[in-house]
Every structure is written in C-alpha cells, then in structure tokens.
Amino acid sequence: MRNKRIDFYRVYNAKPARTESAKKRLLLLLPPAALLLTLLIMLGVMTVRYVRLGAQIEAEQSYLSDAEVTAQYARYQSLSEELSEAVARRDALAQAKSAADSYPAVDAALITEALGAAQTVSVDAYSYDDAGGVLALSGSCTSASDAAQYAKALDALGKFSYVGYYGYASQSGRSYTFTMQCILQEAAQ
C-alpha cells in the first residue's frame, strides 16, 4: 500500500469559486439573523430587569410593612399636620398684625385731642380695640344737643373714618349719658 499524499492547497484551489448568487443569499440572510439576535438580547435584558424589579418591589413591600417604619410614617404625618397648623397660625397672626398696623397708633396725643374736643361734655370712660381700630367713648352732659355737637367735633378732627353717636339717656332730667364709637382712618400706605 502506498501512502497517498494529499495536497490540500491544490484541492482548495481546484473547487469551483463561490458564485455571486451564493454571496447574495448570504447577504439576504444576514439582516434577519442580526435582527433575531438583537431581539433575543433585548428579551434577555427585559427578563433580567423584570426579575430585578420584582425583587425590588418585594423588598419595598417588606420594608413598608415593618411596624417601626409604619410608626415613623404616622409620626411624620402628625408632624406635617402640626407644621401646617403652625404655618396657618403664623399667617393669621401676620395678617392680624398687618391689619393692626394699617391703623394709626392710638397714643396719648390722639386721646387728648379727642377729649379736648369735649368742651360741653364730660367723657367718663373710653376704650380702644386695636384689632378693629375702634375708640369707644361714654360720657355725660347737661344738654342732649351737647352730645351731638361733641360727635360733630370728633368728626371734624379728621382722624376718624366714622363717628357713631348712639343717642343718650336722661338721668333725672338734669344729666344725659351717651355712647360713641369712632373708627380710625387707615394709616397712609
């Protein structure tokens, strides 16, 4: 028996060359194969993400069902409500201060001026409501027309936007008592 020697290079070169149709078939199969491979990779990535997401949801649910976390959340809600109430109180106080600041200060000079207009009446008592800017006066006089003249004199001062004269009551025919409310004008802005 004889050893036969095979020359692979000569055999390779002796095969007929690939034709153009074989190359075209290969090029036609390449894009669908690449698309299929891309789809398989995307499906694998989505599966991994889905598994991770499920694990994260499960971990979050177990965290939220913990009694300590629930207590902390309830405390947070309570503190949030307290904060909201405190902010509302602060805003209400700021609004009240702004309203009070819009009226001029009732000082001794204004009281003296108001009392000084009383030439024929005697002012027995007065009070001032800072929230509404209302000066309330009560007094007595010897004539019913003296109280009305006092109301006109207060109005003439120009310090009040409204002077309310609520009449008089006779005390044994010799003395008359009256009440008045004066609302201060808003302070210039």
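Because only heavy atoms are used, hydrogens play no part in the values below, and waters and symmetry mates are left out as well, while side chains stay in. In what follows, residues are counted from 1 in the order of the sequence shown.
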Chemist: Is it the case that Tyr76 and Gln72 place a side-chain donor and acceptor less than 3.5 Å from each other?
Modeler: no

Chemist: Could you check if a side-chain atom of Tyr162 sits within less than 4.5 angstrom of a side-chain atom of Cys182, using non-hydrogen atoms only?
Modeler: no

Chemist: Would you please test Val69 and Tyr63 for side-chain contact (heavy atoms from CB on, under 4.5 Å) and show each step?
Modeler: CA-CA 7 Å; Val69 172; Tyr63 173 76; 3.5 Å; yes

Chemist: Under the criterion side-chain contact (heavy atoms from CB on, under 4.5 Å), which of Leu35, Ile41, Leu39 is the partner of Leu37?
Modeler: Ile41

Chemist: Nearest 0.5 angstrom please: Ser84 OG to Glu81 CD, how far?
Modeler: 7.5 Å

Chemist: Keeping the roles fixed (side chain from Thr70, backbone from Asp66), state whether a donor-acceptor pair exists under 3.5 Å.
Modeler: yes

Chemist: In the structure I gave you, are the side-chain heavy atoms of Val121 and Phe178 within less than 4.5 Å of one another anywhere?
Modeler: yes

Chemist: So for atom CD, which belongs to Glu58, do other residues, nucleotides or ligands contribute more than 12 heavy atoms lying within a distance under 6.0 Å?
Modeler: no

Chemist: Is there a side-chain contact between Gln181 and Tyr166 (heavy atoms, below 4.5 Å)?
Modeler: yes

Chemist: Would you call Glu82 and Ser78 a side-chain contact if the rule is heavy atoms closer than 4.5 Å?
Modeler: yes

Chemist: Would Tyr150 and Tyr165 count as a side-chain contact (heavy atoms from CB on, under 4.5 Å) if you check the C-alpha gap in whole Å, the side-chain angles of each, and the deciding distance to 0.1 Å?
Modeler: CA-CA 9 Å; Tyr150 181 52; Tyr165 168 49; over 6 Å; no

Chemist: Looking at every heavy atom in both Thr179 and Ser138, which two are closest together, and how far apart are they?
Modeler: CG2-CB, 4.1 Å

Chemist: Roughly how far, to the nearest 0.5 Å, is the OG1 atom of Thr47 from the CZ atom of Arg52?
Modeler: 12.0 Å

Chemist: Atom OG of Ser143 and atom CD of Gln149: how far apart are they, to the nearest 0.5 Å?
Modeler: 7.5 Å

Chemist: A side-chain contact here means heavy atoms from C-beta on lying under 4.5 Å apart; do Met42 and Val45 qualify?
Modeler: no

Chemist: State, to 0.1 Å, how close Cys141 and Asp146 come at their nearest heavy-atom pair, and which atoms those are.
Modeler: CB-CB, 3.9 Å

Chemist: Do Phe160 and Leu154 have side chains that approach each other closer than 4.5 Å (heavy atoms only, starting at C-beta)?
Modeler: yes

Chemist: Return the CG to OG distance between Asp155 and Ser161, rounded to the nearest 0.5 Å.
Modeler: 9.5 Å

